[in-house]
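These notes are about the structure you will find just below.
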Amino acid sequence: MEYNFRKIEADWQKYWAENQTFKAENPALSGVEGNSTKPKYYVLDMFPYPSGAGLHVGHPLGYIASDIYARYKRHKGFNVLHPQGYDSFGLPAEQYAIQTGQHPAITTEENIKTYRKQLDKIGFSFDWSREVRTSDPNYYKWTQWIFTQLFNSWYNKTTDKAEDISTLIAIFSSEGNSEVKAACDADIEKFSSEEWKNFSEEKQQKILLQYRLTFLSETEVNWCPGLGTVLANDEIVNGVSERGGHQVIRKKMMQWSTRITAYAQRLLDGLAKIDWPQPLKDSQTYWIGRSEGAMVSFDVIASETKQSHKIEVFTTRPDTIFGVSFMTLAPEHDLVSIITTPEQKETVEAYVKATAKRSELERMADVKTISGVFTGAYALHPFSGKKVPIWIGDYVLAGYGTGAVMAVPCGDQRDYDFAKHFNLEIPNIFEGIDISEGAYADKENSVITNSDFLNGLPYKKALKRIIHEIEQEGFGYGKVNYRMRDAVFSRQRYWGEPFPVYYKNGLPQMIDLKQLPIVLPEVEKYLPTEDGKPPLGNATIWAWDTIKLEVVSNQLIDNKTVFPLELNTMPGWAGSSSYFNRYMDPENTEEFVSKEAVNYWQDVDLYIGGSEHATGHLLYSRFWQKFLFDKGLVPVDEYAKKLINQGMITGTSAYVYRWEFGKGNDSEMAKKTIFVSKPIMERITKERSTIEHTDKKVISDQVDLLTFCDTNSSEKEWSSFTPIHADVSFVNASDELDIEAFKNWRTEYKDAEFILEDGKYICGREVEKMSKSKYNVVNPDQICEEYGADSLRMFEMFLGPLEQSKPWKTSGISGVLSFLKKLWKLYIVENKFSVSDEEPSKEEFKILHKTIKKVEEDIENFSFNTSVSTFMIAVNELTALKCNKRAILEPMAILLEPYAPHISEELWKNLRHTTSISAVDFPVFEPKYLVESMKEYPVSFNGKMRFKIALPLDISVKEIEDAVMAHEKTQEQLKGREPKKVIIVPGKIINIVG
RNA sequence: GCCUCGAUGGCGGAAUUGGUAGACGCGCUGGAUUCAAAAUCCAGUUUUCGCAAGGAAGUGUGGGUUCGAUUCCCACUCGAGGUACCA
């Protein structure tokens, strides 16, 4: 009986699908008795974007890990929710549509089919009955709905949560807005309740828009007129578009944003209660960028303008306020045009224009060039009363703080550089600090001087005192600032969620849940329209009829009852921000998720996915969860208790070396293509002289091309090697190239010549990211076909720690396959499946229980690589003992099931069980089998192990010492010396010093 | 620049609170089986000296703490990822 993995795996995959083995029940809904008494456990993977390239072996790594854990938890008696779905809106399908005209929905459907086929082959225990797809209208109905919920909410800072907009309207009607503490736009006009009531409906709506959690605002974007679209920062290279090389300008556009900044502090605080990797928490913390400081107002000294203006600045170092010698405004600052004096007007305008042309990215990349101009205006220092010149400079960013800084050149390097460059004053306010070389930014060790009432105070005291003074004098107030910006929520794309929004008199109106989803319209072209509108501008049936409550033809727009619909679509992260909740109740058509379902499943217990989502998906989804929590829709405000970032599996590329040589401009290569085996190539390049004088003959025996070496005019010679990727499938475990396969690969290599060594061509190897262009992609289907899914699963785990990135090398997989074969043989006697019911020996029990203990600990610690070794050791030991006993082999099959479920099921069936192994209880570890009476002590001399001595474990330290000292090898080591000290750690080690 | 992580044989990696460095697997070497190959099995495999017994060195570098350091502390080098005029 051979281990026929192909048949076994196909059979069990079919069995699981037919019997819905991994379907998770919602107890309250299903009425399935058994499950309601089980505790729940939710294991989630980050759902994939189904790309056209399909899966390579790197993709399933995290899925295998989570599947092992899910299967383990089932053995431990949990009702496990382990769903999977697709994040199926996205750019590649849209770009394919632009190129070919094929509807993205078709592309997506095809890709999903491929993905599903590939995933099924690996034997995951997903509950596919709960599958979600973000591009499915039945799913994005709820994405649209959450958007409307955000629109209908505001953030009340007093209660510190999101509330329905009606509570805000109630406050406005009763007392106006002066006392309202909300997360809202800056500079909202103040009004009384009377004024509110007298405002027009339109004005009221405009005001409310400034408070809503999703709102329209003018946002600066990278606009590319050539492509007619907005580009992300990484789509711009050197100031022009990556595709096409078109000019990119910064332009203000009306865009939807979501007010994630309202949750900045709670997003920060929440990190303390979730078990997520520290580096990931750190990057979220940094991204949120909380800084404490003060807002300070500086009066602009009125000149010809006659009007008084105030410049507000945010500073983290108000204690250095007496060091201010100038101020700098961002070129985009509103006051620039107002305060600039007539004499400076021309210079300033030219500067502003020049900076507007540069992309933000360019400005950030170019840190070294210092530029700026003087406005001609001065501000009044609030404490010293000195005149402070106001400059503009592009090192000040309009988007952070107030877009203006009080410059303290002695304490900030950028201010320092600016002051040096323009020859501005650099007053020193730090006691005993030399600032002739640069600014002094170490706040912990500074004492303030030359600063009036702050003189002699260290940082902390000075900070407290100055904030008090600022507030006392009415110059400003202490403030917490965040780096994080509100998230722009509009995309000028086709393949995304349409907004459930129409415009009445230019004001956005939400479409009611009852009419959702608003389905993506058909368009003829997926490109932006000629007049620069997003792709949905091409749709002809894209208007909202408020009477019929349906989408109708654009021709019917009368702006009375039929209105235009929003043309933007939602960003990629919209659909992924709450999908984990939807899995709990995916077929519910009435609610986003039912109370029963969400109260039962609560939250994700284990979430596995890549760290590249640290400041994207993983931040936005936490924000949405907190919002949904505020609205009472979910019971917890952090949705994932534990998160693990799996590492990347890189490829091991193979290289061949193409040799070109000649004299002067003359290239022999014009005639021939020669590939040189790596060791020879290295010898030629590294030890050229040796080659020419000694090894020449060896090589020239094979190929008559080394005339090159014979020439004496060495200064004219040249020779170079170009490494070229060879497909990894042509290269075996010993790095030998399959020359025939390589020749047949490409026509240009058909007549290639090879310089071999011992008849072999040895390739170079390099670890690189897996990618088509590097010919190092390994397809999991192929691995399953050749080695089986169980081998693939175990090998991926065996590669190394889950979180670590590690290179794939297909050759290694033979090790786990032969392990599985060896395991299989334990259950076979005389070519028949048979186990004995004999009582196992002490030794056999010890092997089993040692394995149970280790594997259980490993799974709990997500140390899957070490449990694969443990299995191998156990099978090696059991094989050595020729163990064939049911009492050992039955629990072994269960232990292995999370890792290699197919073979385990088959063994279980052959052990005469009639149900799936997947729900069987996990074997219980019993310490009694591991109790030892003897210990083989390592005996060290000065920390170096010299020999071992077997001693009983129950003897005293004194007895151990006597036994060791009496040992002949001890005396041999000491050579008559008296030991200075003997250290004995019972059960561990003996160390003799001397 | 800043933040984070990492560095152990030819390769992937192991060593749970400081206690036998190199488990397990790949690769390699030799052998058995075979007409041959595949498959399987056995032995060896950190480097170095030695026929061997045995010795010496050894976890990126340099220090330190300790009876004892891959593990803890300090300084540094290199690599990977993230982030960046954030006031």
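Naming: A, B, ... by sequence-line order, numbering from 1 per chain. Computed from a prediction, not measured in an experiment: that's the story for all the values here.
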P atoms of A57(B) and G63(B), separation to the nearest Å: 15 Å
Base-contact (B) and sugar-phosphate-only (S) positions in nucleotides 1-17 of chain B, heavy-atom cut-off under 4.0 Å, - elsewhere: ---S-------BSS-B-
F819(A) CZ to A39(B) P, straight-line distance once rounded to whole Å: 19 Å
Separation of the C1' atoms in U46(B) and A23(B), to the nearest angstrom: 14 Å
Atom C1', compared across G10(B) and C28(B): separation rounded to whole Å: 8 Å
G54(B) versus U34(B) - spacing of their C1' atoms, nearest Å: 41 Å
Within 6.0 angstrom of K760(A) NZ, more than 12 heavy atoms from elsewhere: no
Sugar-phosphate, base or nothing in reach of T316(A), heavy atoms under 4.0 Å: sugar-phosphate
Touch class at under 4.0 angstrom, heavy-atom based, for K948(A) against every strand present: base
Residues within residues 404-417 of chain A bordering RNA chain B, heavy-atom distance below 4.0 Å: V405(A), R414(A)
Sugar-phosphate only, base, or nothing, as touched by D735(A) at under 4.0 Å among non-hydrogen atoms: nothing
Side-chain (S863(A)) to main-chain (I859(A)) donor-acceptor, under 3.5 angstrom: no
Interatomic distance where CD1 belongs to I989(A) and C1' belongs to A69(B) [whole Å]: 12 Å
In a table with atom names and distances, give each donor-acceptor pair under 3.5 Å that connects a side chain of residues 986-994 of chain A to protein atoms at least two apart or in another chain.
{"from": "N991(A)", "atom 1": "OD1", "to": "G943(A)", "atom 2": "N", "distance (Å)": "3.1"}

R793(A) to F798(A), cation-pi by 6.0 Å centre distance and 45° axis angle: no
Touch class at under 4.0 angstrom, heavy-atom based, for R946(A) against every strand present: sugar-phosphate
Spacing of the C1' atoms in G6(B) and U59(B) (rounded, Å): 14 Å
Where do N or O atoms of nucleotides 26-32 of chain B meet protein N or O atoms at under 3.5 Å, pair by pair?
{"from": "G27(B)", "atom 1": "O3'", "to": "S734(A)", "atom 2": "OG", "distance (Å)": "3.2"}
{"from": "C28(B)", "atom 1": "OP1", "to": "S734(A)", "atom 2": "OG", "distance (Å)": "2.3"}

Other residues, nucleotides, ligands: >12 heavy atoms within 6.0 Å of E437(A) CD: no
Short side-chain donor-acceptor distance under 3.5 Å, S653(A) and E768(A): yes
Set of residues satisfying side chain to side chain donor-acceptor pair (under 3.5 Å) with respect to S291(A), sequence neighbours excluded: Y400(A)
Just the atom pairs and distances: protein N or O near nucleotides 65-67 of chain B's N or O, under 3.5 Å.
{"from": "C67(B)", "atom 1": "O2'", "to": "N991(A)", "atom 2": "ND2", "distance (Å)": "3.2"}
{"from": "C67(B)", "atom 1": "O2", "to": "N991(A)", "atom 2": "ND2", "distance (Å)": "2.8"}

